[in-house]
Amino acid sequence: MSIKIICHMITTADSRIVTSRWDLPADFDISGVYENTAAQFNAQGWIVGRATMSEYADNISEHQPSLAQQAERPDFKGAYREGQQLAVVFDLKGKLTYDGCVLPTGEHVTAVLSSEVSDVYLYELQQQGISYVFADVQDDETAMLKSALDRIQLMFPHVQLLLLEGGGTINGAFLKAGLIDELSLIVCPLLDGAAEVQNFVNYHGPADPRPGAGQRLELLEHELFAGGTLYLRYRIDR
Ligand SMILES: NC(=O)c1ccc[n+]([C@@H]2O[C@H](COP(=O)([O-])OP(=O)(O)OC[C@H]3O[C@@H](n4cnc5c(N)ncnc54)[C@H](OP(=O)(O)O)[C@@H]3O)[C@@H](O)[C@H]2O)c1
């Protein structure tokens with residue numbers, strides 16, 4: 001069975017997602033609302049893009065990697081402890097470096113890489129106990145994403161459900177690939193308004209005028225939180 005994907009995001013009423021730009025009341029616990037809503041799913045972890053992961057913790061930093069086409073190498077299961085959630089990051093070029101394989105919030109870091117990354121980079125990940133899988137990177141982005149999920153499930157067979165938690169770029173790729181099963185949106189009573197600020201889905205792949213075509217939303221749940229924040233949960237039917 002393939003991994004179920006629920007895209008879980010917090011947005012303004014105009015779908016923007018950069019929370020550092022928001023003027024929220026002092027008593028609005030944004031991460032509490034986001035994490036408590038996520039917890040209802042009992043997922044085995046979450047997925048983010050490289051940009052979102054680079055902001056996640058102080059001990060994650062970014063460098064410019066030296067890339068070259070390399071021979072095929074095996075996936076690697078690091079120091080995963082039973083019961084830990086996974087923090088899956090799509091970092092195909094291997095830009096991120098870490099200080100250990102466990103995030104401050106307790107998840108086990110699992111990187112999705114391309115075969116262009118160097119052996120030196122892989123050695124560093126291994127020394128830290130970080131798990132990694134290789135995505136089959138060719139022209140077909142859908143096949144790339146599916147292969148990554150398949151390899152994650154092969155390495156961690158208990159994984160049935162992962163939350164896709166942004167940013168807009170990785171969410172857009174998953175939408176275009178038809179891999180999002182549900183949307184879980186917390187919509188705050190705010191407007192951002194700036195054209196250059198990311199939406200919760202921002203498809204940047206090969207030209208496609210309608211990456212969401214053929215995908216209809218069925219409302220599963222809605223709830224009004226204190227202060228006018230709205231919770232919406234949809235199934236995506238294809
Ligand atoms: N409000 C919320 O719920 C929420 C949640 C998460 C993030 N955010 C915000 O979202 C912003 C970041 O969003 P973003 O859209 O710029 O970045 P992102 O999706 O986090 O990361 C984009 C990067 O991830 C890698 N990537 C993503 N999709 C890929 C694909 N299909 N194939 C290969 N690589 C892929 C690429 O890395 P390379 O460029 O290295 O190849 C790409 O540049 C931040 O401001 C963050 O705070 C908000």
Side-chain angles (χ1 to χ4, degrees), residues 1-9 11 15 17 38 41 43-54 65 67 69-77 86-96 109-117 131-185 198-218 220 233-238:
M1 203 175 77
S2 53
I3 296 176
K4 178 175 177 176
I5 301 292
I6 299 179
C7 180
H8 178 63
M9 297 293 287
T11 79
S15 302
I17 60 168
F41 295 115
Q44 289 81 48
W46 42 261
I47 299 173
V48 289
R50 185 265 311 154
T52 296
M53 189 63 133
S54 71
L67 299 172
Q69 201 57 47
Q70 316 273 342
E72 205 167 295
R73 287 149 298 169
D75 295 343
F76 175 77
K77 186 169 183 176
L86 298 187
V88 176
V89 54
F90 277 74
D91 180 21
L92 298 190
K93 301 182 185 110
K95 288 184 185 169
L96 298 183
V109 179
T110 304
V112 177
L113 306 172
S114 76
S115 58
E116 289 182 311
V117 301
S131 300
Y132 54 78
V133 298
F134 288 97
D136 300 334
V137 182
Q138 286 144 9
D139 291 343
D140 184 349
E141 193 176 60
T142 299
M144 181 279 280
L145 295 172
K146 282 186 175 159
S147 71
L149 293 178
D150 287 348
R151 284 169 180 245
I152 288 165
Q153 203 172 36
L154 201 62
M155 184 173 287
F156 301 104
H158 70 286
V159 172
Q160 309 285 319
L161 170 64
L162 292 175
L163 301 184
L164 176 63
E165 297 197 355
T169 306
I170 188 88
N171 291 352
F174 270 73
L175 176 76
K176 168 68 170 61
L179 290 172
I180 303 179
D181 299 293
E182 286 185 22
L183 269 183
S184 165
L185 290 181
Q198 291 96 331
N199 291 302
F200 74 88
V201 274
N202 261 5
Y203 176 69
H204 293 296
D208 184 331
R210 297 180 62 211
Q215 307 193 57
R216 294 164 58 107
L217 300 185
E218 182 192 338
L220 295 179
R233 181 173 163 210
Y234 296 99
R235 176 168 39 235
I236 300 189
D237 292 329
R238 286 179 280 276

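- In this structure, the side chain of T110 does not engage the main chain of L86 through any donor-acceptor pair within 3.5 Å.
- Between the side chain of D181 and the backbone N or O of K4 there is no donor-acceptor pair closer than 3.5 Å.
- The backbone N or O of Q160 lies less than 3.5 Å from no partner atom in the side chain of Q153, so there is not a single donor-acceptor pair.
- Judged by distance alone, the side chain of N202 and the main-chain N or O of T169 form no donor-acceptor pair under 3.5 Å.
- Atom NZ of K77 has more than 12 neighbouring heavy atoms from other residues, nucleotides or ligands inside a 6.0 Å radius.
- At a threshold of 4.5 Å between non-hydrogen side-chain atoms, the residues I236 and L217 count as touching.
- Here the shortest heavy-atom pairing between I17 and G167 reads CD1-CA, 4.1 Å.
- Judged by distance alone, with hydrogens and angles left aside, the side-chain atoms of Q44 form a donor-acceptor pair with the main-chain N or O of L161 at under 3.5 Å.
- Distance alone, capped at 3.5 Å, places no donor-acceptor pair between the N199 side chain and the V201 backbone.
- The CG atom of N171 sits 9.5 Å away from atom CD of E165, with the distance rounded to the nearest 0.5 Å.
- The ring-ring contact (aromatic ring centres under 6.0 Å, His included) test applied to F156 returns Y80, not counting sequence neighbours.
- Under the rule for a salt bridge (Lys or Arg N to Asp or Glu O under 4.0 Å), the partners of D75 that lie at least two apart in sequence or sit in another chain are R151.
- Applying the side-chain contact (heavy atoms from CB on, under 4.5 Å) test to V109 and every residue at least two apart in sequence or in another chain returns M53, Y98, L103, I130.
- Listed by chain and residue number, nothing satisfies the side-chain contact (heavy atoms from CB on, under 4.5 Å) test with L154 (two or more places apart in sequence, or in another chain).
- Evaluated for a side chain to side chain donor-acceptor pair (under 3.5 Å) with S115, the options R73, Q69, E72, Q70 yield exactly one hit, Q69.
- In this structure, the side chain of S114 engages the main chain of L92 through a donor-acceptor pair within 3.5 Å.
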Only distances under 3.5 Å count here; give the side-chain donor-acceptor pairs of residues 203-212 to other protein atoms, sequence neighbours excluded, each with its distance to 0.1 Å.
| from | atom 1 | to | atom 2 | distance (Å) |
| --- | --- | --- | --- | --- |
| Y203 | OH | P206 | O | 3.1 |
| D208 | OD1 | R210 | N | 2.8 |
| D208 | OD2 | K176 | NZ | 3.4 |

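- For the pair I47/I5, a side-chain contact is recorded, criterion being any heavy-atom separation below 4.5 Å from C-beta on.
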Checklist entry - Can K93 and E116 be said to form a salt bridge (charged side-chain N to carboxylate O under 4.0 Å, His left out), step by step? => result CA-CA 7 Å; K93 301 182 185 110; E116 289 182 311; over 6 Å; no
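- Other residues, nucleotides and ligands contribute over 12 non-hydrogen atoms within 6.0 Å of the CZ atom of R238.
- Here the rule is side chain to side chain contact (heavy atoms under 4.5 Å, CB included) with D91, and of V48, V117, L96 only L96 fits it.
- Minimum heavy-atom separation, A148 to V133: O-CG2, 4.2 Å.
- Residues forming a ring-ring contact (aromatic ring centres under 6.0 Å, His included) with F174 (at least two apart in sequence, or on another chain): F90.
- One distance of note links CD of E218 with CZ of R233; it measures 11.0 Å at 0.5 Å rounding.
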